[in-house]
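Structure first, commentary second.
As the structure is a computational prediction, the values presented were derived from the model and not from experiment.
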Amino acid sequence: MWLLSLMLPGLLLTSNACGPNEEPVETEEAAASPNPDPDHTSDPHPASGRALVVYFSCTNTTKSIADRIVEATDAATWRIEPEVAYTSEDLNYNNSSSRANREQNDPSVRPAVKGKCENLADYDVVFLGCPIWWGEAPKIIFTFLEGHDFTGKTIVPFCTSHSSGVGSSVTDLHRLATGAEWKQGRRFGGNESKETIENWVESMNLNFNNDTNTGVFDLSKGMNGTAPTVKLSSGYDMPIVGLGTYSLHGATCVNSVKSALAAGFRKFDTASIYANEKEVGQGVRESGVPREEIFVATKLYPNQYSNPEAAIDECLRKLDIGYIDLMLLHHPGTNDVKAYKAMEKYVAAGKIRSIGLSCYYVKEINEFLPNVNIKPVLVQNEIHPYYQDTEVMEHLHDLGIVVEAWYPLGGRGRQKELLSDPVLSEIAAEHNKSVVQVILRWHLQRGVVAIPGSSNPDHIRENISVFDFSLTDGEMAWVAALDRNEKHDWY
């Protein structure tokens, strides 16, 4: 996850360069030229984490905020320096022909920047900060964004001013870094306290250390009855084994959720089209397990994409568990981008924590990502030993997206044959395990989350008892050889 902090700390304010009363005058005194860090180099200053603070500053107001972010995150820093430094007259707010005025009024202007942040790919989180110039980010920020690739990164913007809010100065930048996840921006005064900065950073639940174990799970942390977790790019932890509820309804569904929770499950998968969100929510509420320990995912169906806000509100009402941990689009369809952007708004409001997709493959995901602001944390596809989806899985992992199998045991039309496969049966006998347990273990060792469904308490316990054995490299290769590239469903 990338945290892009582009800070513009030093805009000269002698002539109200950031607009009347937009920047604390006492911290933005006029200067003849920028005051860059004396040890600035073309590469970011190192730090132990994977966060980077990039900033532009003339008089060091934004730099002071950047420094406090560095203290709070142990981030590296990279300062944006213009090829031609800004003078006091360049930033004269009252002079309509001043350099800054001309730049802000010309959409095509891109002030040249010294050097390039060559090590940008080494960082997962980038803070993007700047003073507000005439209600917008300075054009040198446009230069920087257009000169680097932020695909799969998280950008957390902030600005410095005395009174002006972030406003559209942040959202106007989104188009310059498509494929990045943009967090909501925030304005700070030049003398903001360290405590305020730390509380702000903490509130975003960011992942600074590249511990989004997207495609390699630490299975040593699991025990039968307790599945380990994967850290999503949103910063939240999700169990890597869950209960699928596709065919569960009524009291059977409620009791299955309760049985699963008693057996140690903490992840549940439902969907609007399953018509069982109410029962899943009831099982969660009546289980006695604290809500914050449970991870619930649901999905919007394509016939809901045209009015997504109403559909999301309906999901929240039916589940009745306070918030949704993960919401997916069930599969591609008309208005899918519109529906996803509605989910982004609910993330900002705190009603949904993470969002993702289902049934999106290489072409679909590549076309989808540039149109949205928050990178999907997870894609749920049909995956099982007879349809292993390897190319798509590897592509999603490369993008930092978790992969989940919604037919982990073969599903409709494949399960009976798969569970009697002689190769899988031989492996199961070798480990004194069931074929189901071998298949689930195979998914997990490939870095794929599994959500087998069942209403049988014994089978439920069996499905989360896969952490006391492991498949050898040879056994993994035998299962890989079973791939027929045969999908059951068209999507």
### Task
Output yes when Lys183 and Glu181 qualify as a salt bridge under the 4.0 Å nitrogen-oxygen rule, no when they do not.
yes

### Message
I'd like to check the side-chain contact (heavy atoms from CB on, under 4.5 Å) partners of Asn101; sequence neighbours left out, ordered by chain and number.
### Response
Ser98, Asn105, Trp134

### Message
Is it the case that the side chains of Ser57 and Asn60 hold a donor-acceptor pair, with the cut-off being a distance below 3.5 Å and no angle test?
### Response
yes

### Task
Under the side-chain contact (heavy atoms from CB on, under 4.5 Å) rule, collect the residues that match up with Val392, sequence neighbours excluded.
Tyr361, Val362, Asn381, Asp389, Leu396

### Message
Applying side-chain contact (heavy atoms from CB on, under 4.5 Å), can you list everything that pairs with Ala297, at least two apart in sequence or on another chain?
### Response
Lys267, Asp269, Leu326

### Query
Partners of Tyr246 by ring pair (Phe, Tyr, Trp, His ring centres under 6.0 Å), sequence neighbours excluded?
Tyr274

### Task
Would you indicate whether Gln184, at its atom CD, is surrounded by more than 12 heavy atoms from other residues, nucleotides or ligands within a distance under 6.0 Å?
no

#### Entry: Check: Tyr360 ring centroid to His331 ring centroid under 6.0 Å
no

### Task
Give a yes or no on whether the backbone of Pro111 and the side-chain of Thr143 come within a donor-acceptor separation of less than 3.5 Å.
yes

### Query
Should Arg68 and Ile65 be marked as a side-chain contact (heavy atoms from CB on, under 4.5 Å) after you check the CA-CA gap, both sets of side-chain angles, and the distance that decides it?
CA-CA 5 Å; Arg68 293 184 188 117; Ile65 303 300; 3.6 Å; yes

### Query
For Phe268, what residues pass the ring pair (Phe, Tyr, Trp, His ring centres under 6.0 Å) criterion, not counting sequence neighbours?
none

### Message
Treating Lys116 as the side-chain partner and Gly147 as the backbone partner, does any N or O pair qualify as donor plus acceptor under 3.5 Å?
### Response
yes

### Student check: side-chain heavy atoms of Val257 and Glu279 closer than 4.5 Å
no

### Under 3.5 Å: donor-acceptor pair, side chain of Asp320, backbone of Leu316
no

### Query
When you check the side-chain N and O atoms of Asn276 and Thr270, is any donor under 3.5 Å from an acceptor?
yes

#### Entry: Heavy atoms from other residues, nucleotides or ligands near CD of Glu83 exceed 12 (cutoff 6.0 Å)
yes

### Query
What's the verdict on side-chain contact (heavy atoms from CB on, under 4.5 Å) for Val402 and Ser233, showing C-alpha distance, side-chain angles and the deciding distance?
CA-CA 9 Å; Val402 172; Ser233 59; over 6 Å; no

### Query
Would you find a donor on one side and an acceptor on the other, under 3.5 Å apart, between the side chain of Lys351 and the backbone of Ile312?
no

### Basic-acidic side-chain contact under 4.0 Å: Glu146, Arg110
yes

### Message
Any heavy-atom pair between the side chains of Glu103 and Tyr86 that's under 4.5 Å?
### Response
yes

### Task
May I ask you to decide if Pro239's main-chain N or O and Thr229's side chain share a donor-acceptor pair within less than 3.5 Å?
no

### Message
Would the distance check show the side chain of Arg266 and the main-chain N or O of Ile294 forming a donor-acceptor pair, the cut-off being under 3.5 Å?
### Response
no

### Polar side-chain atom of Trp406 near backbone of Gln380 as donor-acceptor pair, under 3.5 Å
yes

### Query
Which is it for Glu136 and Ile141 under the side-chain contact (heavy atoms from CB on, under 4.5 Å) test, yes or no, and what are the steps along the way?
CA-CA 10 Å; Glu136 298 179 355; Ile141 301 306; over 6 Å; no

### Query
Under 4.5 Å between any side-chain heavy atoms of Ser234 and Arg353, yes or no?
no

### Message
Walk me through whether Asp67 and Ser64 qualify under side chain to side chain donor-acceptor pair (under 3.5 Å).
### Response
CA-CA 5 Å; Asp67 289 343; Ser64 68; over 6 Å; no

### Query
Pro228 versus Phe217: any side-chain heavy-atom pair under 4.5 Å?
no

### Task
Evaluate whether atom CD of Glu195 has more than 12 neighbouring non-hydrogen atoms of other residues, nucleotides or ligands under 6.0 angstrom away.
no

#### Entry: Polar side chain donor-acceptor pair, Asn366 to His395, under 3.5 angstrom
yes

### Minimum side-chain heavy-atom gap Ile132-Arg187 below 4.5 Å
no

### Task
Output yes when a side-chain donor or acceptor of His330 lies under 3.5 Å from a complementary backbone atom of Ala271, and no otherwise.
no

## Note on the structure
ring pair (Phe, Tyr, Trp, His ring centres under 6.0 Å) filter on Phe265, not counting sequence neighbours, yields none

### Message
So for atom NZ, which belongs to Lys338, do other residues, nucleotides or ligands contribute more than 12 heavy atoms lying within a distance under 6.0 Å?
### Response
yes

### Task
Identify the heavy atoms of Leu219 and Phe467 that sit nearest to each other, and give their distance.
O-CD2, 4.2 Å

#### Entry: Val280 side chain reached by Gln282 side chain, heavy atoms, under 4.5 Å
no

### Task
Apply side chain to side chain donor-acceptor pair (under 3.5 Å) to the pair Asn199 and Thr196, showing each step before the final yes or no.
CA-CA 5 Å; Asn199 289 340; Thr196 297; 5.8 Å; no

### Query
Parallel, tilted or perpendicular: which fits the ring planes of Phe144 and Phe150, with parallel below 30° and perpendicular above 60°?
tilted

### Query
Backbone N or O of Ile374 within a donor-acceptor pair of the Glu344 side chain at under 3.5 Å?
yes

### Message
I want to check something: taking the side chain as every heavy atom from C-beta on, are Leu232 and Asp237 in contact at a cut-off of under 4.5 Å?
### Response
no

### Query
Is there side-chain contact between Pro408 and Val449, with at least one heavy-atom pair below 4.5 Å?
no

### Task
I would like to know whether Tyr340 and Phe368 meet ring pair (Phe, Tyr, Trp, His ring centres under 6.0 Å); could you show each step before the answer?
CA-CA 10 Å; Tyr340 193 90; Phe368 189 84; 5.1 Å; yes

### Task
Mind running side-chain contact (heavy atoms from CB on, under 4.5 Å) on Tyr55 and Cys130 for me, showing each step along the way?
CA-CA 7 Å; Tyr55 66 91; Cys130 64; over 6 Å; no

### Task
Please check if any side-chain donor atom of Thr87 sits under 3.5 Å from a side-chain acceptor atom of Arg99, or the reverse.
no

### Query
Cation-pi between Arg291 and Tyr323: NZ/CZ under 6.0 Å from ring centre and within 45° of the ring axis?
yes

